[in-house]
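The structure appears below as structure tokens.
Numbering of residues begins at 1 and proceeds along the displayed sequence.
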Amino acid sequence: MINLGLKRIARLLQHIAQTHFQQPHFNPPWQVVHIAGTNGKGSVAAYLSALLRRQGLREDGTALRVGRFTSPHFIDRWDCIQINDEPVSKAVFLETEGKVKAIAKVVEEELRSEARRQSSAIPAEDKQTIEQVDADARLTEFELLTATAFAIFSEPAPRPCDVAVVECGLGGRLDATNALPDSSIAVSVITSIGLDHLAMLGGSLESIVKEKCGIVRRDVPVIINQDWGVEATGMIFRAIGERFEHKEIGSNQDALVALNGIVGQHQPNFKEEDLGDEIALEGNHPTLLSLMPHQLANLSLAFAAFSRVAVAISKQHEALSCLSATFCEDVLQDASKSYPARLQLLQPGWLQDTVAAQSLPLLSRTNVLLDGAHNAQSAEVLRKYLDEKLLTRPRSSRSSRNQQPKRPEIWIIALSSTKPPSEVLAEFFPQLVSEPDPTSDDSARHSSLSSPARIIFTSFGPVDGMPWVRPASIDELLHCANRLIPSPNVVEPPADNIAEALGAVEGILAEWDGSRNAKYEQGPLVVVAGSLYLCSDFLRFVRNGRLAFSTQQGEVSADLAS
């Protein structure tokens, strides 16, 4: 259930403060970096958390204790709450959540009673209005999760967190995380903003910008992504200026210039047409040279925010002096470990020592790219990353739609039911999408668009703690693909879940093994994308060797299709 608003969460946090921390109001003992935006929130949070752990100090010179709250979770419901880049334990989470839910029952009854007193004139037979009063008093799953995270960060043993990096769930102004008091916010960060969640946040980019900028506080520094574009940046300045006249707005510009300088110093001398295989990837984590422009912008936002937090917490005024290639590589490695499925490239051998390795021997020897791209903006970035960093198409002729790719691709795709599939698929497969041409017949069009890409549509399973999240209908995805992509032999039979999809990929790899692969300069690439929930199913399967979902009816399992 999504029901935006701050009244319920504010009352819950107040009760938690009074019951467990003997405070009249919720005033956390930690400073907050509050992050809003459409894309990039989680990445900025991961980079910043790694920065704070490596470079941040308390006033006594000891290391910071760093909390992080992001959404959604990856594999387990509690892994969205981290301390020092490690998920809190299941035991700690469930114990704290139980206490929060017990207090929530008291809060809901309080709010319900207040609402009924205020609406005492409502006729008893007006059931719809009474039901609405009850619904408005009910705390949402995300509000309970937010309160649980804040309570864990405040626990005195071994000691409370010193700083918490907190990502907005949806929007900003009315998001549950925005119930934090002004005194606790060290800096607010606005990442890129796009047309997503239109039904909840308004029907235009400008209305969404206003909602996201609702996290900005009068006397709290704010950092924005100035690399986003002049028009969008202007919208942010206007949205903040309407609320706070003469508000100083910082940006990531200086940090981005410094990062680009470091990348330029370490960029190898090469001619694009001479560049061969994948570059700048070590093991299963990214390096500076592998970063796309939006990732560099996100990293620079983290550095800019860190410089403000360092001053606020321990009067560190030379925070950016640590900006070196080696330090950046360390931060990237730390962040990738705690924040998977963002342009995450798995190298051959990634299934080694897992149960699934025996059933998927060919897939275990194949590169897999895992990315939660779920809207047109992030889908476009994923396609550019494939073309520019993994070289699925020769650089010298990437603009040609008919150019033979350098490696075959196999895609596993699932989308959330709220996402428009045509927009996402058009960005994933611009080389395949049909452009009607009245002068050419269908056979010629099919021949020119012929591609080694293979697409398997599937669904993700129930999302623990988020029952309102549902996958897009596979039939809808197939209908959309058949309309957009006329090329034959591209769309494979669908799979019910990730386990079946991976079994199908193993079959395609067996088909390609040997003679078919000889046509291409590089081996196949498997791409899992379209939803973080799908990526979560993938990661859960790799860990367990099977799928297991928690639902209200119990646990549902799915083993690898034979």
Practice item. List the steps and the verdict of side-chain contact (heavy atoms from CB on, under 4.5 Å) for E141 and W468. Key: CA-CA 10 Å; E141 289 88 346; W468 63 88; 3.3 Å; yes

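- Note that CD1 of I193 and CG of L205 are 7.0 Å apart. Values are rounded to the nearest 0.5 Å.
- Note on E97 versus R77: salt bridge recorded, some NZ/NE/NH1/NH2 to OD/OE distance being below 4.0 Å.
- S531 places no side-chain N or O within donor-acceptor distance of the main-chain N or O of A414, the cut-off being under 3.5 Å.
- Neither side chain, R342 nor S336, offers a donor N or O lying under 3.5 Å from an acceptor on the other.
- Considering CG of L362 and CD of E506, their distance stands at 4.5 Å, rounded to 0.5 Å.
- No donor-acceptor distance shorter than 3.5 angstrom exists from the side chain of K389 to the backbone of Y385, with no hydrogens or angles considered.
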Check your understanding: Where do N375 and E380 land on the side-chain contact (heavy atoms from CB on, under 4.5 Å) test, with the steps shown first?
Key -> CA-CA 9 Å; N375 54 31; E380 180 185 15; over 6 Å; no

Point to revise | Pair K212-D175, salt bridge (Lys or Arg N to Asp or Glu O under 4.0 Å): steps then yes or no | key: CA-CA 9 Å; K212 304 289 186 183; D175 185 73; over 6 Å; no

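- Note: F538 and W350 meet the aromatic proximity criterion, with ring centroids under 6.0 Å apart.
- Nearest heavy-atom pair across Q352 and S364 is N-OG, 4.2 Å.
- Ion pair R383/D371 not flagged as a salt bridge, since none of the NZ, NE, NH1 or NH2 atoms sits closer than 4.0 Å to an Asp/Glu carboxylate oxygen.
- In this structure, S49 contributes its side chain and A46 its backbone to no donor-acceptor pair below 3.5 Å.
- The main-chain N or O of F74 is found under 3.5 Å from a side-chain atom of S536 such that the two form a donor-acceptor pair.
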Exercise for review: Evaluate side-chain contact (heavy atoms from CB on, under 4.5 Å) for T148 paired with W78, printing each intermediate quantity in order.
Suggested key: CA-CA 10 Å; T148 300; W78 48 90; over 6 Å; no

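- Contact annotation: the side chain of C213 never approaches that of K210 to less than 4.5 Å [non-hydrogen atoms, C-beta and beyond].
- Nearest approach of E427 to A379, heavy atoms of both residues: CB-CB, 3.7 Å.
- Between L532 and H374 the shortest side-chain heavy-atom distance does not fall below 4.5 Å.
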Point to revise | S422 and R483: CA distance, side-chain angles, deciding distance, side chain to side chain donor-acceptor pair (under 3.5 Å) verdict | key: CA-CA 9 Å; S422 58; R483 180 170 51 83; 4.7 Å; no

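- Residues C480 and P421 share a closest heavy-atom pair of SG-C, 3.9 Å.
- At least one side-chain heavy atom of S290 sits less than 4.5 Å from a side-chain heavy atom of T287.
- The nearest pair of heavy atoms linking F428 to A373 is CZ-O, 4.0 Å.
- Considering V368, L370, N367 in turn, N367 is the only one that fulfils the side chain to side chain contact (heavy atoms under 4.5 Å, CB included) rule with L345.
- A side-chain donor-acceptor contact under 3.5 Å links S473 to the backbone of D475.
- Under a cut-off of 6.0 angstrom, the local environment of CD in Q358 is sparse, with at most 12 non-hydrogen atoms contributed by other residues, nucleotides or ligands.
- Using modelled atom types, no side-chain atom of Q333 and backbone atom of D330 make a donor-acceptor pair closer than 3.5 Å.
- A distance-only check finds no donor-acceptor pair linking the side chain of R365 to the backbone of P348 [under 3.5 Å].
- Note that CG of L48 and CG of N298 are 11.5 Å apart. Values are rounded to the nearest 0.5 Å.
- In this structure, CD1 on I456 lies 13.5 Å from CG on L477, to the nearest 0.5 angstrom.
- For the residue pair S192/H294, the side-chain donor-acceptor check at 3.5 Å is not satisfied.
- Ring orientation note: the planes of F460 and Y533 are tilted relative to one another, at an angle of 30° to 60°.
- In this structure the side chain of N178 never reaches within 4.5 angstrom of the side chain of C168, judged on heavy atoms.
- Under the ring-ring contact (aromatic ring centres under 6.0 Å, His included) criterion, Y47 pairs with no residue at all, not counting sequence neighbours.
- In terms of modelled atom types and a separation under 3.5 Å, the side chain of D79 and the main chain of D76 share a donor-acceptor contact.
- Closest approach of N497 and E500 over heavy atoms only: OD1-N, 2.9 Å.
- Distance NZ/K419 to CG/L425: 14.0 Å, rounded to 0.5 Å.
- Side-chain contact between S251 and N225 is absent, with no heavy-atom pair separated by less than 4.5 Å.
- For K384 and D387, the salt-bridge test fails: no basic side-chain N is under 4.0 Å from an acidic carboxylate O.
- Proximity of V88 to Q82: side-chain heavy atoms (C-beta onward) are nowhere separated by under 4.5 Å.
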Check your understanding: Would E511 and R454 count as a salt bridge (Lys or Arg N to Asp or Glu O under 4.0 Å) if you check the C-alpha gap in whole Å, the side-chain angles of each, and the deciding distance to 0.1 Å?
Key -> CA-CA 12 Å; E511 173 192 333; R454 306 282 275 272; 3.2 Å; yes

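- For the pair D85 and R53, the salt-bridge criterion is met [side-chain N within less than 4.0 Å of a carboxylate O].
- Two residues are said to be in side-chain contact when any heavy atoms from C-beta on lie closer than 4.5 Å; S378 and N39 meet this criterion.
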Exercise for review: Report the C-alpha separation of L502 and L363 in whole Å, then their side-chain angles, then the decisive distance to 0.1 Å, and conclude whether the side-chain contact (heavy atoms from CB on, under 4.5 Å) test is met.
Suggested key: CA-CA 8 Å; L502 292 174; L363 186 58; 3.6 Å; yes

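- Ring centroid separation for the pair F457 and W411 does not come in under the 6.0 Å cut-off.
- When all heavy atoms are compared, the tightest approach of A426 to L484 is N-CD1, 4.4 Å.
- Looking at I412 and T458, their side chains come closer than 4.5 Å, going by heavy atoms from C-beta outward.
- A distance of 4.5 Å separates SG of C328 from CD1 of I262, quoted to the nearest 0.5 Å.
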